[in-house]
Each structure stands twice: as C-alpha cells, then as structure tokens.
J.: 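Below you'll find the structure I mean.
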Protein chains: 2
Amino acid sequence: MTTEYSGSGDPRRSIELLWGVQERPRRGPKPKLTVPQIAAVAVAVADEEGLPALSMRRLAEQLGVTAMSLYTYVPGKAELIDLMLDTVNGELDMPADLPGGWRGRLRHIAHQNRAMYLRHPWLLQVATSRPPLGPNLVAKYDYELRALDGIGLTDVEMDLTLSMINDYVHGAARGALHAVHVRDSSAVTDQQWWERAAPILAEVLQPERYPTATRVGVAAGQEFDAAYDPERSFAYGLDRLLDGVAALIATREH
Amino acid sequence: MTTEYSGSGDPRRSIELLWGVQERPRRGPKPKLTVPQIAAVAVAVADEEGLPALSMRRLAEQLGVTAMSLYTYVPGKAELIDLMLDTVNGELDMPADLPGGWRGRLRHIAHQNRAMYLRHPWLLQVATSRPPLGPNLVAKYDYELRALDGIGLTDVEMDLTLSMINDYVHGAARGALHAVHVRDSSAVTDQQWWERAAPILAEVLQPERYPTATRVGVAAGQEFDAAYDPERSFAYGLDRLLDGVAALIATREH
DNA sequence: CAGAAACTCTCTACGCTGTACGGTATTCTA
DNA sequence: TAGAATACCGTACAGCGTAGAGAGTTTCTG
C-alpha cells in the first residue's frame, strides 16, 4: 500500500516513449512486445483488478514474459503509468461540430471526461506530480480549448474556465465512483458494512447535536436511496457551473 | 507503490475507534500511547515526508515502539488512515457568524477546505471507498450545510450544492498542488525536468497541429509564468460557481 | 563469411512493505 | 496471592519495484 506516482524519470526518455519516437533498432532479437501493447494491457489489468493489482510481475505474466523484461520497454513503473494516462486520454471522441453552442460543447467535454474516469477508476488514484504531456493529452487540450474559442472570453479566461470544468469533473467523478462502489459491491461486504455500521452510528451520533446534517442527510437519503443517481448530482453541478460561465459571458456582450 | 485505502475493516471497530468509545480497560500494562496521539504523529509524518514514507515501521519508530505494537491500538493501516482523515477534518475553524451572507459563508468553506488540502497533500491520494464517518467529519458536514440553510434552496439542493463546491475544491486543490510542486521543488530536479523536457517537446510538438492549445498555452504561460498564482485560478472558478448558485436562487425569489 | 556489437530476455537477489503468530512482561480482579 | 487480561516485541512470510549479471538472438562491420 503506497501511492502510484507518474513521471519521475528522465524527461527525454519519457517524452520519447510517449510520442513513440524510437529509431528502429537494428541489432538484437526482435522484441516480442510493443510499448502501446504493454500500455493497453496495463490499462486492462488496472480496469479489471484495480491499481494495487497492477504489479510488474502481474503485468508481465499477462504478457507472457518475465517482470524484468518489461524494463527493456519502459524505464520503470512511473513511466508506465504515464503511458497508461496518455492511452486512456486517446479514447475520447472529439466531434468537430456539436449542437447547442458553447454550452453543448462544454457539456460534451464534461461528460466525456467523466465517462473516462468511470471507465478507468484508477485514474483518480494516480498522483500526477508532473503532467505526462503525451500526444493524446495535448490533442485533448487543444480540442477542449476550441470549444471555448470565440465566445467572448480572453485566452486566459479560456484556460481558467477549462481548468474549472475539469477540476469539477474530477471531483464529481470521485464522488460518483464512491457511490457506485458502495451500492454495486455485490461482494456484499459493503452492504453488510453499512448494515452493521448503521446501528452503531445511530448510538453514537445524536441527531440533536447535528440538526441540519440530520435533516438534510435524511432528505437526501430519501430522495436518492432507492435509486441514487450520481448522474443527477453531476447534472446539477454542471448546470450551476455553466450558468456561472454564462453570467460572465453576458457581461462581455452588452 | 500501491494505493492507500481507507475503511476496509470491521465497521464496529472502525466507528468505535473514530468516536473514541473505548471502555477503560482494567487489566494489563498501561498503554504507552493513545489513539489520537498515534493519528497526530501519522499526520505529521505524512505531511512532512509524504504518504509513501508513512509505513507502520516508520511511524512506530517515531513513536518509540515497534511496528507490531501499533496493532494493539489500530486494526490495520486502513483504519489508521481513517483516523488521520477525521483528525485533519477537525482542524478547520467554523465561526458561527460570517459577513457577506451565503456567498461569504460558502467562500469561507471553500477556502477552508482548500487550505486543508494544501496543508495535507496526502489527502488527495487516499482513496476513500467508504466515508470515515468520524465526529469531526460529521460536525463539518453539519456546519457546511448550515451555511446553505434558509437561502431559498430545498434540502436536496443544499446537499447537491455542497457536494458541488466540495468536488470543485478537491479538483482545484489537486491542480494547485501540482503547480506548487512543479515550481517550488528546490530539489532542482523538477526545474531541470522542464528545462530538459522543453526542447524535446518543442521538437515533437508542432504548433500548427495544435493552434488553439499553443496560443492559449502561451497566453496562460505569460500571464502566470513569473508569478503563477493558483489562488487566482481558484478565485476565478469559485466566482463562476457562486454565480451559478446565485442564478438558481434568483429563480426562487421573484 | 566471421566476429563483434547491440539488443532482448531471464534468473537471482536486496531492501522494503503490511501483518500473522507466538512469547513475555505487566497489571488488575477474584 | 493465583489467574486472567492486556501491551509489547521478535520473528517470519508473501509480495513489491528493480539492480545486476548472464544467456541467447539478430544484425552490422571488416
């Protein structure tokens, strides 16, 4: 149990890896694998079994080689995670034209990013101390900025607005995954956890000390309990956020 | 390198730990330590040396005991992290009255939470699969909801709005920490990283392929470079967000 | 065409992690 | 004062990332 870090090795090597600028090696046996293949399998393992299960040995086994032979492709695990990050950022579809003006475009971007987090929950667990500036990430940044271009914002405001949306999406995805995890765990353990925790909590948590929390918690619970819908929470937050952007744009128009 | 998880043990034990409901044991030697003391030292270690450095052995050493003796206080590392989470959530100051109406109150909450993340960067790295419902977390939830009470929102909307703000703060703190880390690393390695990465990136990243990204990236870079101010980015996002809430409230008033 | 060089891959090994287990010392209860 | 309960420690195990040395394969060079 530690934390996965991204990007801590030689920058030249990292960027060459991400952009795939390898001169075709001449001598030596032909490689069994390719870097994108390794990244793809690593993503699959992390998706299915979680980030802690993604060890070099586990990944190597999946690829039919030994752990150490992975190090001929990738300098270390940190760089591997960089590759995984750029890989999943290449999955988003980026249509050139979208209905609904800037609001529709931003909505699309927000939902795309959210979907990416939900598809790859481990994304929320990698600490990007430096951005892995791979081709897919750069392409995505460009696409997302274009959605904000020419609607009355300055260049700096465009950047700020995009950051704001992506920050919110990240946080919201975190909340949604948490909720989904709690509900879906057919491993029963989670449900059991709550069932066992509830009476003890009730014993220790006096409603009169936390009146607002109790009232709202109950209201939110009743609203969501049977069919808690993280989508709705996300839609609410995104609507507020876009309204805020609209208010700013309005000050530029008159 | 794996990922720290919170809350995976026996719920009864976890909640008893968090709320400190231990009957005074009668027999046996007196404990050298207390649970809050252990949690406090663990927080200090994680603050100063990062979450990966917080091993049971390291923590025990700091406390003058062996690793295994910690297990008489805490069932495992996951529960320890739960305790750490609740501990830092008890540091926030929660004044009863604040100027500036609901906007001022929400601003205070957002800044408090952000400050907490900046003080304890490891918070962004713990994957809370279940919320550690300790006394401090519950108190905070209650306080934050009160800031939203009686301003024209329904109970469910209050909960949604609070989630939205907290989600955004989490994401924004993540971005800010990233930026701070890149700039402040007097360990030189980070600066060197960029210095070495820049020419290679320039070689591989053709501006004509990513016109918007290049233009805005340059603009944002110039604006921020000499004195990048994550505070400003945060202030911008928070303002947009509060404007969005204001727009909703306005529809309720007329 | 032979030899060297470059490359891939494997084996072994080190220090680290969380923690299960068993033993010992201490303190309170009966 | 005997026995039970508790706190603490030493050892041990499986797993981690990866350093280093060596074996095997391919291709370029002379």
Side-chain angles (χ1 to χ4, degrees), chain A residues 1-10 13 22-35 37-38 42 45-46 49-84 125-127, chain B residues 1-10 13 17 22-35 37-38 42 45-46 49-84 122 125-127:
Chain A
M1 287 208 201
T2 341
T3 311
E4 307 282 0
Y5 283 104
S6 117
S8 19
D10 176 26
R13 186 73 201 278
Q22 294 177 4
E23 312 167 22
R24 179 75 190 81
R26 320 216 111 97
R27 289 177 243 235
K30 310 221 160 124
K32 274 198 220 164
L33 312 169
T34 66
V35 170
Q37 179 192 3
I38 292 172
V45 170
E49 306 177 34
L51 201 54
L54 180 71
S55 70
M56 296 303 267
R57 290 176 233 263
R58 174 84 188 73
L59 174 60
E61 183 195 22
Q62 198 81 6
L63 287 160
V65 293
T66 64
M68 286 316 291
S69 87
L70 292 179
Y71 286 85
T72 54
Y73 299 92
V74 165
K77 199 179 181 184
E79 289 79 4
L80 173 67
I81 291 179
D82 278 353
L83 287 167
M84 292 168 64
Q125 296 171 24
V126 302
Chain B
M1 288 206 200
T2 341
T3 312
E4 308 281 0
Y5 283 105
S6 119
S8 18
D10 176 25
R13 186 75 201 278
L17 262 175
Q22 293 179 8
E23 314 167 20
R24 178 74 192 79
R26 319 216 111 97
R27 285 180 251 240
K30 310 220 160 126
K32 274 198 221 166
L33 313 169
T34 67
V35 170
Q37 178 191 5
I38 292 171
V45 171
E49 306 177 34
L51 202 53
L54 180 71
S55 70
M56 296 302 267
R57 288 178 237 261
R58 174 85 186 75
L59 175 59
E61 184 195 20
Q62 197 81 8
L63 287 160
V65 294
T66 64
M68 285 319 290
S69 86
L70 292 180
Y71 286 86
T72 53
Y73 299 91
V74 165
K77 198 179 182 184
E79 288 79 5
L80 173 67
I81 291 178
D82 278 354
L83 287 168
M84 291 169 65
W122 50 269
Q125 297 171 23
V126 303

J.: Can you find a side chain N or O atom of B:K30 that sits less than 4.0 Å from OP1 or OP2 on D:dC8?
T.: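 For D:dC8, neither OP1 nor OP2 has a side-chain N or O of B:K30 closer than 4.0 Å.
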J.: Work out which heavy atom in B:Q125 is nearest to a heavy atom in B:P52; give both atom names and the distance.
T.: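 Nearest heavy atoms, B:Q125 then B:P52: OE1-CD, 4.5 Å.
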J.: Say you draw a straight line from CD1 of B:I81 to CD of B:E79; how long is it, rounded to the nearest 0.5 Å?
T.: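 Answer for the CD1-CD pair, B:I81 versus B:E79, is 9.5 Å.
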J.: Both A:L33 and B:M56 contact DNA chain C. Which one's nearest nucleotide lies toward the 5' end?
T.: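 Residue closer to the 5' terminus by nearest nucleotide: A:L33.
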J.: Answer yes or no: is there a side-chain heavy-atom contact under 4.5 Å between A:L80 and A:L70?
T.: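 When only atoms from C-beta onward are counted, A:L70 and A:L80 do not touch, as no gap falls below 4.5 Å.
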J.: Rounded to the Å, how far apart are B:K77 NZ and C:dA20 P?
T.: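 Distance, rounded to whole Å: 15 Å.
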J.: Rounded to 10°, tell me the angle between the two end axes of the helix from C:dC1-D:dG30 to C:dA30-D:dT1, each built from five pairs.
T.: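 About 10° separates the two local helix axes.
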J.: How many whole angstroms separate atom OH of B:Y73 from atom P of C:dT19?
T.: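 In whole Å, C:dT19 P and B:Y73 OH are 18 Å from each other.
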J.: Going from CZ on B:R57 to CE on B:M68, what distance comes out if it is rounded to the nearest 0.5 angstrom?
T.: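 If I round to the nearest 0.5 Å, the distance is 9.0 Å.
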J.: Output the rounded distance in Å from CZ (B:R57) to P (D:dC8).
T.: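 My rounded result for the distance is 18 Å.
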J.: Can you list, in residue-number order, the parts of residues 63-72 of chain B that come under 4.0 Å of DNA chain D, counting heavy atoms only?
T.: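 B:V65, B:T66, B:M68, B:S69, B:T72 - these, ordered by number, are the residues of the stretch whose heavy atoms sit under 4.0 Å from the strand.
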J.: On DNA chain D, does the nearest nucleotide to A:S55 precede the nearest nucleotide to A:P75 from the 5' side, or the other way round? Give the residue.
T.: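 Its nearest nucleotide lies further toward 5', so the answer is A:S55.
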J.: Quick one, B:L83 and B:I38 - any side-chain contact, counting heavy atoms below 4.5 Å?
T.: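 With C-beta onward as the side chain, the pair stays apart.
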J.: Measure across B:Y71 and B:G76 and return the closest heavy-atom pair with its distance rounded to 0.1 Å.
T.: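 That would be CE2-CA, 3.9 Å.
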J.: How close do B:L33 and B:Y73 get, counting heavy atoms only, and between which atoms?
T.: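 Nearest heavy atoms, B:L33 then B:Y73: N-OH, 3.0 Å.
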J.: Could you list the protein-to-nucleotides 1-5 of chain D atom pairs, N/O on both sides, closer than 3.5 Å?
T.:
{"from": "D:dA5", "atom 1": "O4'", "to": "B:R27", "atom 2": "NE", "distance (Å)": "3.4"}

J.: Roughly, in whole Å, what's the span from CG in A:L59 to C1' in D:dC16?
T.: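 After rounding, the reported distance stands at 14 Å.
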J.: If we only count heavy atoms from C-beta on, is the B:L63 to B:K32 side-chain gap below 4.5 Å?
T.: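 No. Closest side-chain heavy atoms not under 4.5 Å.
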J.: What is the separation between atom CD1 on B:I38 and atom C1' on D:dC8, rounded to the nearest whole Å?
T.: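 Result: 12 Å.
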J.: Calculate the interatomic distance between A:R58 atom CZ and D:dA14 atom C1'; express it in whole Å.
T.: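 These atoms are roughly 17 Å apart.
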J.: Do B:M84 and B:L54 have side chains that approach each other closer than 4.5 Å (heavy atoms only, starting at C-beta)?
T.: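 The answer is yes, as the side chains (C-beta and beyond) meet within the 4.5 Å cut-off.
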J.: Which atom pair, heavy atoms only, marks the closest approach of B:V45 to B:Q62?
T.: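 Heavy atoms only, the tightest pair is CG2-CG, 4.3 Å.
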